[in-house]
Amino acid sequence: MATNATDYDPAQIEAAWQRYWEENKTFRAIDPQTDATAARRDDDRSKYYVLDMFPYPSGTGLHIGHPEGYTASDIVARYRRARGYNVLHPMGWDAFGLPAEQYAVKTGTHPRETTARNIENFRSQIKRFGFSIDWDREINTTDPDYFRWTQWIFLQLFRHGLAYVDDRPVWFCPALGTVLANEEVIDGKSEVGGHPVERRALRQWVLRITRYADRLLAGLKNVDWPESTKTQQINWIGRSEGASIVFALADRDEALDVYTTRPDTLFGATYMVLAPEHPLVPHLTKPEYRDAVEGYVREAAGKSDLDRTDLAKEKSGVFSGSYAINPATNEKIPVWIADYVLMSYGSGAIMAVPAHDERDYEFAIEFGLTVRRVIHKEDSNGADHPLPYTGEGTMIHSGAYDGIASQEGRKRIIADLEKRGIGRASVNFRLRDWLFSRQRYWGEPFPIVWVADTDYERIGGNVATGLPKDPVCAEFNGEKRYAVPIPTSRLPVELPELDRFQPSESGESPLANSRDWLHVWLHSESGETRPRMDENRPGDAWIAGVRETNTMPQWAGSCWYYLRYCDPHNNREVIGSDRERYWGVPDLYIGGAEHAVLHLLYARFWHLFLHDIGVVSTEEPFTRLFHQGIILGEDGEKMSKSRGNVVNPDAIIEEYGADALRMYLMFLGPLEDAKPWNPKGIDGPFRFLRRTWRALIDKDGKPSTKIETDSGDDPELQRSLHETIKKVGEDIDRLRFNTAISQMMILLNQLQKTDRISLESAKTFVQLLAPFAPHIAEELWERLGGEPSVSDAPWPEFDKNLLEVREVTIGVLVNGRPRGELRTTPDAPESEVLEAARKSERVAAHLADKTVRKVVYVPGKILNLVVS
RNA sequence: GCCCGGGUGGCGGAAUUGGUAGACGCAGCGGACUCAAAAUCCGCCGGUCGCGAGACUGUGAGGGUUCGAGUCCCUCCCCGGGCACCA
C-alpha cells in the first residue's frame with residue numbers, strides 16, 4: 001500500500017510494494033479447470049506463458065546479465081496481464097552441476113547444503129527486482145519430487161529403445177583420480193594442477209537423438225527464432241546428401257562401404273582411407289605393415305577428437321598393404337589408414353579424390369599418391385582451375401560421362417551404381433548421439449540396476465513392462481550384465497549419502513564408493529530394492545544387482561522444466577493433461593544465445609519424444625525465442641572478476657532502486673545487442689523516474705495541483721499521449737524496450753512543460769510506465785486514486801482519431817539537398833505545395849536561373865525539385 | 001577456412017524499411033537559482049568555413065542503381081559470435 005514518502009524514495013516504495021504483491025499473491029497464475037475455487041475454475045482468459053531460461057544458482061550470486069533477460073520477460077508478462085491474459089511467469093533453479101560438487105570435494109560440505117544456500121541467495125536477489133513471478137510454482141531440479149520425473153522421462157526413453165550403453169572415450173586424470181570434462185582439459189593437462197590426462201574408454205549412456213535428426217531439422221521451419229540460432233542448429237544437425245558406394249577389395253571377398261557427397265568424382269578416386277578404429281583395419285593389414293598400422297592405431301586412440309581435428313597438424317597415416325577396386329575405372333587403388341577420417345561419420349571409410357577435395361589433396365601430396373583431375377573448370381584467366389578444385393564443373397577423364405555437368409553426373413552415377421547393386425543415394429547427418437552420462441555425484445541418478453543374463457531372463461511383472469525390445473547390456477569386469485529399470489512407481493531413485501565426494505579410483509562416479517547403495521537385491525517382479533551388503537538373499541524372486549553409478553548431465557533437468565511450471569506439484573504425472581492443454585508451451589522464451597545449440601536442441605528432442613508417447617500435444621517446446629545480448633563491462637570487455645569490471649546489481653539497487661535499474665537495463669540498447677555498461681548512464685532513467693514523481697506529486701506528497709479532474713488536456717498533449725500508448729504497446733510486442741522508454745521520456749518532457757494535466761492522462765501515463773518501473777507505478781497509481789494493483793487495470797487503448805495528423809512538416813529539397821521545411825496538410829496537392837515552396841526565399845535562391853526538370857512529391861514526407 | 005551478426009557524434013543508441021541522419025539519454029559547454037556548492041531548471045552540442053543568414057561536408061573504404069541511399073547491388077577492410085578434417 002502507498003507509503004507516506006513525500007519525494008521519490010525507491011527504497012521505501014519498493015519494499016512496500018513487494019510486500020503487497022507477496023501478501024496478495026498478485027501474480028498467481030490461475031489453472032482454470034483444476035483450481036479449487038469455483039470462480040477461478042471458470043476463468044476464461046487466454047493464457048500467456050512467458051519463460052526465462054532458469055539460472056544455475058552459483059555461489060557468486062546474481063550477475064547483472066541475469067536481470068537483463070528477466071526484466072524483459074517481466075515487462076512482457078506485466079503488459080500481457082494488463083491486456084487481460086492469464087499470465088504464467090515462473091522461476092526456478094537449474095541446480096545440479098559441477099561447482100557445488102567441486103566445493104564438496106574441497107570442503108566436505110554436502111552439495112545439497114551449498115545448493116540450498118545459493119538458491120536462497122539467488123531468490124532474495126531476484127526478488128529485489130520486483131518481478132511478477134508466481135513464486136508458488138518455483139521448481140528446483142535437485143528436488144527429488146522434481147528429478148523423479150526427469151528419471152521417469154529417461155525410463156520412457158529407455159523403454160522405447162532410445163537409450164543405450166556404449167564404451168566411449170573420456171578424459172581421465174590419474175593424478176586427480178577423476179574424469180574431466182572437455183573444458184577442464186587444456187593442452188593435454190588438467191586445468192586444475194596441470195597434471196597429464198589420458199583417454200579412457202568408459203561405459204556411457206547414450207541417447208539416440210540421431211533418430212530424430214530429420215524431424216529436429218524440419219521443426220525449425222515452424223518456430224519464430226533468431227535466424228542465427230536456427231542456422232546454428234541446422235549446421236549442427238548437418239544434413240548432407242550423397243551416395244553410399246561399395247568398393248570391392250582386390251584379392252579378398254570383403255568390401256568397403258564409403259559415403260561421398262561427390263559421386264561425380266568417382267573416376268578420380270585414386271586411393272581409399274579407413275578411420276583407425278574401422279573394424280576392417282586388422283583384416284586388411286598385410287603382415288609386413290602390421291607393426292606400423294598397430295602403432296598408428298594405438299597412437300590415434302590416445303588422441304582426443306580435438307587433437308585429431310587440429311588443423312595446424314599435418315596429415316598423418318599409414319598404408320595397409322591392401323588394395324581396393326575403383327568400380328568406375330576398375331583400377332587397383334591403395335587402402336590407407338588415417339585419422340583424418342572419422343569413424344563416427346558415414347561409414348568410417350572414404351574414397352579419396354585428391355583433385356577435388358582439399359583434405360585428400362593434402363594427404364596425397366604428403367604421401368605421393370596419384371592426383372587425377374576429373375572435373376574441368378576454367379579459372380578467370382581461362383586456364384585450368386588449380387587443384388584441388390572443389391566446385392562444380394564438367395566431367396572429364398570419366399569415360400562415358402565426359403562432358404556432363406557435375407551436378408547431373410552425380411545423379412547418373414548414383415543411378416548406374418544402383419543398377420549394378422553397388423551404390424545408392426544416401427543421406428548423412430553430422431549430428432551424433434547424445435552422450436548422456438557423467439561420472440559425477442551431483443546429478444540425477446539413473447534408475448537402472450545391472451543384473452546377470454540368467455537373471456535378466458527371469459524378470460517378469462512390473463519390471464518387465466519397462467524393458468526395451470532390445471536389451472541394453474554392457475560388460476563389467478569381463479561379465480555381461482543387463483540393464484533393468486526401477487519401476488516408475490518406485491521413483492525417485494535418490495542419491496546416497498556420502499562423506500567423501502571424490503570420484504572412485506576406477507574413474508567411475510563417486511556413487512561407486514557407496515557400497516550399501518550400490519549393491520542391491522532386486523525383486524524380479526515388483527522392482528523393489530534392498531541393500532545387499534549385509535543381507536542374505538531374501539527369497540527366490542530376488543536377484544542380485546548393481547546400481548548404475550553414472551549420473552545424468554546438467555542438461556537433463558533443463559530439458560523439460562518448462563512443462564513442470566504448468567503443474568509443479570503433480571505427484572502422479574510429469575504434467576496433467578488438462579494443464580498441458582491449457583498452458584501448452586511458452587509463448588515467449590528469453591535466454592542467452594550460448595544455449596543456441598545444446599540446451600535448445602536437447603529440449604526439442606525430449607519434447608518431440610514426449611509428444612510421440614502422448615505426454616504433450618505439441619511438437620515444439622519454444623515457439624518464440626529471443627536472446628538477450630550480454631552486458632559488457634565499462635571497458636567494453638566481457639565482465640569478469642579478474643578484469644575487475646563486474647557490476648553488482650545489489651549495489652545499484654541500493655543506490656538507485658530496482659525501478660531505475662530495470663529501466664536502465666532496458667534503455668541501454670536493443671535487447672539482443674551486446675552493450676557496455678556505463679555507470680553514469682543510469683542517472684538518465686533515475687532522473688526520469690524522479691521527474692515523473694515530481695510531475696505528478698507535490699512536495700506535500702499529495703497529487704499535483706496541476707492535475708485536474710474535470711478538464712481535458714490540450715490537443716498536442718493528447719496526441720502525444722496517444723502516440724505513446726501506441727508506441728509503448730507495439731514496442732513491447734516487438735521487444736524494443738529502449739525506444740518505448742525514449743517515447744515515455746518525450747512524453748514526460750511535454751508533461752513537465754504544461755501547467756494542466758487531466759487525471760485521466762496522468763493515470764494512463766502511470767499505466768504505461770508500470771511494466772517497466774512497477775513499484776513507482778503502483779505508488780503513483782494509488783496516490784492518484786487508482787485501486788491497487790495497477791497491473792489489474794486494463795491497458796489503455798489509443799484513439800486512432802487523435803493520432804490523425806492534421807498538419808505535417810515536410811522537407812523541401814533541391815537536387816536532393818534539404819533547403820527548408822514547409823508546414824502543410826498530409827494530403828495537400830502537389831501544386832499547392834510546390835507553390836508554397838517557390839515562395840520560400842531560400843528555395844527560390846536555389847531555383848534562380850535554373851530550370852525545374854522534375855518534381856518528386858511524396859505527400860507528408862518530402863518535396864524534391866530537380867533542377868539544372 | 002566456412003556460416004551467421006555488426007560498423008552511425010566524445011559515449012549508449014534513434015531513423016515509420018528508399019524520403020529532411022543523429023530522436024531519447026550520458027558526458028561536455030553556457031546560463032538561471034544559491035553567500036557557495038550539490039540538486040534542480042533553461043539553452044547549446046557531428047565536422048569545416050562564416051559575425052550572421054547560410055554554404056560545404058558527413059552513417060567503416062571504394063564503386064554502382066535512383067530525383068533521392070545509413071537503408072538496395074558489387075568489391076574490399078575491420079569487429080563480435082558459432083562451427084571447424086563431417087568426405
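Bear in mind that the values here come from a model prediction, so they are computed numbers and not experimental data. Throughout, a chain's letter reflects where its sequence line sits, starting with A, and its residues are numbered from 1.
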Could you give the [atom1]-to-[atom2] distance, from [X] to [N], as a whole number of Å?
| X | N | atom1 | atom2 | result |
| --- | --- | --- | --- | --- |
| A:Asn815 | B:rG19 | CG | C1' | 15 Å |
| A:Tyr259 | B:rA87 | OH | P | 6 Å |
| A:Trp677 | B:rC11 | CH2 | C1' | 15 Å |
| A:Arg432 | B:rC85 | CZ | P | 10 Å |
| A:His595 | B:rG82 | NE2 | P | 12 Å |
| A:Glu366 | B:rC85 | CD | P | 18 Å |
| A:Leu748 | B:rU40 | CG | P | 13 Å |

Which listed nucleotide ([options]) is nearest to the side chain of [X]?
| X | options | answer |
| --- | --- | --- |
| A:Asn235 | B:rC3, B:rG13, B:rC67 | B:rC3 |
| A:Arg694 | B:rC85, B:rA14, B:rU40 | B:rU40 |
| A:Asn678 | B:rC24, B:rA87, B:rC26 | B:rC26 |
| A:Thr739 | B:rA14, B:rC83, B:rA87 | B:rA14 |
| A:Val866 | B:rC67, B:rU20, B:rA14 | B:rC67 |
| A:Tyr340 | B:rC85, B:rG82, B:rG19 | B:rC85 |
| A:Asn864 | B:rC85, B:rG68, B:rC83 | B:rG68 |
| A:Leu342 | B:rA87, B:rA21, B:rG13 | B:rA87 |
| A:Arg690 | B:rC24, B:rA39, B:rU20 | B:rA39 |
| A:Ile746 | B:rA55, B:rG12, B:rA23 | B:rA23 |

Next item on the list: Check each of A:Phe686, A:Tyr656, A:Trp677 against A:Tyr664 using the ring-ring contact (aromatic ring centres under 6.0 Å, His included) test, and report the only one that passes.
Entry: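 The passing option is A:Trp677.
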Inter-nucleotide [atom1] distance ([N], [M]), Å rounded:
| N | M | atom1 | value |
| --- | --- | --- | --- |
| B:rG5 | B:rA87 | P | 22 Å |
| B:rA69 | B:rG64 | P | 12 Å |
| B:rG52 | B:rU16 | P | 34 Å |
| B:rG46 | B:rA53 | P | 14 Å |
| B:rC24 | B:rG43 | P | 11 Å |
| B:rC73 | B:rC29 | C1' | 44 Å |
| B:rU20 | B:rG68 | C1' | 11 Å |
| B:rU66 | B:rG70 | C1' | 16 Å |

Item checked: Toward the 5' end of RNA chain B, by each residue's nearest nucleotide, A:Ser240 or A:Asp683 -> A:Asp683
Item checked: Upstream residue (5' side of RNA chain B) when A:Gly811 and A:Gly684 are each assigned their closest nucleotide -> A:Gly811
Taking only the side-chain nitrogens and oxygens of [X], find out if one of them lies under 4.0 Å from OP1 or OP2 of [N].
| X | N | value |
| --- | --- | --- |
| A:His627 | B:rG5 | no |
| A:Arg817 | B:rU57 | yes |
| A:Arg853 | B:rG68 | no |
| A:Arg819 | B:rA55 | yes |
| A:Lys854 | B:rC67 | yes |
| A:Gln752 | B:rC41 | yes |
| A:Arg842 | B:rA55 | yes |
| A:Asn738 | B:rA14 | yes |

Touch class at under 4.0 angstrom, heavy-atom based, for [X] against every strand present:
| X | value |
| --- | --- |
| A:Glu594 | nothing |
| A:Gln232 | sugar-phosphate |
| A:Lys680 | sugar-phosphate |
| A:Ser228 | sugar-phosphate |
| A:Pro670 | sugar-phosphate |
| A:Arg687 | sugar-phosphate |
| A:Asn749 | sugar-phosphate |

Across all strands shown, which nucleotide pairs with [N] by Watson-Crick or G-U wobble geometry, both distances under 3.5 Å?
| N | answer |
| --- | --- |
| B:rA27 | none |
| B:rU17 | none |
| B:rU75 | B:rA61 |
| B:rG80 | B:rC4 |
| B:rG70 | none |

Note to self: Tell me whether the NZ or CZ atom of A:Arg604 lies within the 45° cone about the ring axis of A:Trp225 and under 6.0 Å from its centre.
What the structure shows: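 Pair A:Arg604/A:Trp225 counts as cation-pi.
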Check: Under 30°, 30 to 60°, or over 60°: which ring-plane class applies to A:Phe363 and A:Tyr340, parallel, tilted or perpendicular?
Finding: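 Because their plane-to-plane angle lies in the 30° to 60° range, the rings of A:Phe363 and A:Tyr340 count as tilted.
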Next item on the list: Could you check whether the rings of A:His599 and A:His595 sit parallel, tilted or perpendicular, using 30° and 60° as the cut-offs?
Entry: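 Rings of A:His599 and A:His595: perpendicular, over 60°.
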Note to self: If the glycosidic angle sits within 90 degrees of zero it is syn, else anti. Tell me which applies to B:rG9.
What the structure shows: syn
Checklist line | Stepwise side chain to side chain donor-acceptor pair (under 3.5 Å) test for A:Ser347 and A:Asp257 | finding: CA-CA 6 Å; A:Ser347 61; A:Asp257 199 19; 5.1 Å; no
Next item on the list: Run the numbers on A:Leu601 and A:Leu431 for side chain to side chain contact (heavy atoms under 4.5 Å, CB included), then give the verdict.
Entry: CA-CA 11 Å; A:Leu601 192 68; A:Leu431 183 69; 3.9 Å; yes
